[in-house]
Number of protein chains: 2
Amino acid sequence: MRPYSHVLDGLRASGLRPTRQRLALAELLFSHGDRHVTAEMLHAEALNAGVRVSLATVYNTLHQFTSVGLLREIVVDASRSYFDTNTSEHHHFFDGETGALTDIRNPVSIAQLPSPPAGMKIDRVDVIVRVSNAA
Amino acid sequence: MRPYSHVLDGLRASGLRPTRQRLALAELLFSHGDRHVTAEMLHAEALNAGVRVSLATVYNTLHQFTSVGLLREIVVDASRSYFDTNTSEHHHFFDGETGALTDIRNPVSIAQLPSPPAGMKIDRVDVIVRVSNAA
DNA sequence: TTCACTGCAAATGATTTGCAAAGCA
DNA sequence: TGCTTTGCAAATCATTTGCAGTGAA
């Protein structure tokens, strides 16, 4: 089995061409376990790894991967967007001081989810546990 | 008991002067039940009510009120910040299509909250139930 | 009088977009 | 070849900031 076959599949399935940039970014994203990255972070990492990509392409790619279901966007901080390589059901710890976003390992179960307003359906539930340095 | 006495108290307590702008914004914010506003929304509303305030002052005021504990900032959308006049423990429904943010009435209880990473303490838990038009 | 507050306009910073050049099918 | 992608630089957009003028104590 070739590495990132699910990435290639995802790209093909949605008609996205497996270009050099997209494959390089996919490798950076998916070959190091679960990650939480911002566009700036991924761009810096790419340049560092010798991959020539423009920041605009990194933004485009992150969004394309997200719409194809390879990534999940997480909103925790109004000033920047994080993308999570783990698209399965899970929640997060967020340290507003350092900007560190980490997965909550054990599942968080919500006792009786509220019923949505009339005519609306629940798409997703996001739980963000905001933490800071213990006093 | 004068109206908004808690607002005046909050302002005094933190050394914020009760200026015309701050009092007018406080009235708009706190005299119509629980509200979720963005700076742009509140600014438009103020102008509409004949209150002369600059957008910059609205931003400043919202942040000042938040740091004094009169408001709570809610991050649901990377592109804009919402402020909630209800500062008590509760969670939200968010419709990404319309931008509507509403309170979840009945309490959402989380079965066994995870323990935070070493050396960290939990400041707050935000639960956002993302909804959309039922198919 | 003094120092906080306000408004304006300019600055910022993350993100997006227009468009011509380059790349994949 | 024909339709995607890319990169760059310019454009956006919400938000912040510098600073001179205004107002509260």
Side-chain angles (χ1 to χ4, degrees), chain A residues 7-28 36-47 49-68 70-71 73-83 96 99 101, chain B residues 7-28 36-47 49-68 70-71 73-83 96 99 101:
Chain A
V7 173
L8 283 170
D9 291 346
L11 294 181
R12 283 200 204 92
S14 59
L16 291 179
R17 290 179 182 168
T19 63
R20 174 179 63 74
Q21 291 79 338
R22 295 213 264 238
L23 289 173
L25 293 176
E27 165 140 13
L28 289 173
H36 302 99
V37 303
T38 62
E40 296 276 1
M41 285 165 60
L42 185 58
H43 184 234
E45 201 177 317
L47 295 186
V51 177
R52 288 179 301 94
V53 208
S54 70
L55 181 55
T57 296
V58 171
Y59 272 104
N60 290 335
T61 302
L62 286 172
H63 287 135
Q64 289 152 356
F65 281 12
T66 298
S67 64
V68 177
L70 292 171
L71 292 176
E73 186 168 3
I74 301 179
V75 180
V76 278
D77 184 326
S79 70
R80 61 192 156 199
S81 291
Y82 285 80
F83 293 84
L101 185 65
Chain B
V7 173
L8 282 170
D9 291 346
L11 294 182
R12 284 201 203 92
S14 58
L16 291 178
R17 291 179 180 167
T19 63
R20 175 178 63 74
Q21 292 77 339
R22 295 212 264 237
L23 290 174
L25 293 176
E27 165 139 11
L28 290 172
H36 301 98
V37 304
T38 62
E40 295 276 2
M41 286 165 61
L42 185 58
H43 184 233
E45 202 177 317
L47 296 185
V51 177
R52 287 180 301 96
V53 207
S54 71
L55 181 56
T57 295
V58 172
Y59 272 105
N60 290 335
T61 302
L62 286 172
H63 287 134
Q64 290 151 356
F65 282 11
T66 299
S67 64
V68 176
L70 293 171
L71 291 176
E73 187 169 1
I74 302 180
V75 180
V76 279
D77 184 325
S79 69
R80 61 193 156 199
S81 291
Y82 285 80
F83 293 84
L101 185 64

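As the structure is a prediction and not an experimental result, all values here were calculated from the model. Lettering of chains follows the sequences in order, A, B, ..., and the numbering in each one begins at 1. The figures here come from the full heavy-atom set of this structure, side chains too, leaving out hydrogens, waters and symmetry mates.
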Open item on the list: Expressed as a whole number of angstroms, how long is the span from A/L23:CG to D/dT6:C1'?
Closed with: 14 Å
Open item on the list: What is the distance, to the nearest angstrom, from the CZ atom on B/R52 to the P atom on C/dC8?
Closed with: 9 Å
Open item on the list: In this structure, how many angstroms lie between the C1' atom of D/dT6 and the CG atom of A/L25, rounded?
Closed with: 12 Å
Task: Touch class at under 4.0 angstrom, heavy-atom based, for A/T38 against every strand present - done: nothing
Open item on the list: Strictly below 4.0 Å: does B/S81 bring a side-chain N or O up to OP1 or OP2 of D/dA14?
Closed with: no
Open item on the list: Expressed as a whole number of angstroms, how long is the span from A/H43:NE2 to D/dT6:P?
Closed with: 13 Å
Open item on the list: Nearest whole Å is fine: how far is D/dT4 C1' from A/Q64 CD?
Closed with: 10 Å
TODO: Could you pick out which residue, A/V53 or B/S79, lies toward the 5' side of DNA chain D when each is mapped onto its nearest nucleotide?
DONE: A/V53
Task: Rounded distance (Å) that lies between atom P of D/dT16 and atom CZ of B/R80 - done: 16 Å
- [ ] Check side-chain hydrogen bond (donor to acceptor under 3.5 Å, both in side chains) between B/S54 and all other residues, then give those that pass, not counting sequence neighbours.
- [x] B/T57
Open item on the list: Do B/Q64 and B/R22 have side chains that approach each other closer than 4.5 Å (heavy atoms only, starting at C-beta)?
Closed with: yes
Open item on the list: Counting only side-chain heavy atoms from C-beta out, which of C/dC5, C/dT15, D/dG7 sits nearest to A/S54?
Closed with: D/dG7
- [ ] Rounded off to whole Å, could you give me the CG-to-P distance for the A/L62 and C/dT15 pair?
- [x] 10 Å
- [ ] Go through the structure and list residues passing side-chain hydrogen bond (donor to acceptor under 3.5 Å, both in side chains) with A/R20, not counting sequence neighbours.
- [x] none
- [ ] Name all residues meeting the side-chain hydrogen bond (donor to acceptor under 3.5 Å, both in side chains) criterion together with A/T19; count only those two or more places apart in sequence or in a different chain, and write none if there are none.
- [x] none
- [ ] Produce a footprint string for nucleotides 17-24 of chain D: one letter per nucleotide, 5' end first; B if the base is under 4.0 Å from any protein heavy atom, S if only the sugar-phosphate is, - if neither.
- [x] B-----BB
TODO: Take A/T57 and B/H63, find for each the nucleotide of DNA chain D with the closest heavy atom, and name the residue whose nucleotide sits nearer the 5' end.
DONE: A/T57
Open item on the list: From CG of A/D77 over to C1' of D/dT15, roughly how many Å is that when rounded to an integer?
Closed with: 13 Å
Open item on the list: Taking the side chain as everything from C-beta on, heavy atoms only, tell me whether B/M41 gets closer than 4.5 Å to B/H36.
Closed with: no
Open item on the list: When you measure from the side-chain N and O atoms of A/Y59 to the phosphate of C/dT15, is any distance below 4.0 Å, counting only OP1 and OP2?
Closed with: yes
- [ ] Indicate whether OP1 or OP2 belonging to C/dG23 is found under 4.0 Å from a side-chain N or O atom of A/Q21.
- [x] no
Open item on the list: For A/H43, give me all partners under ring pair (Phe, Tyr, Trp, His ring centres under 6.0 Å), at least two apart in sequence or on another chain.
Closed with: none
Open item on the list: Just to verify, what does A/S79 make a side-chain hydrogen bond (donor to acceptor under 3.5 Å, both in side chains) with, not counting sequence neighbours?
Closed with: A/D77
- [ ] Establish, with yes or no, whether the OP1 or OP2 oxygen of C/dC5 is under 4.0 angstrom from a side-chain nitrogen or oxygen of B/R22.
- [x] yes
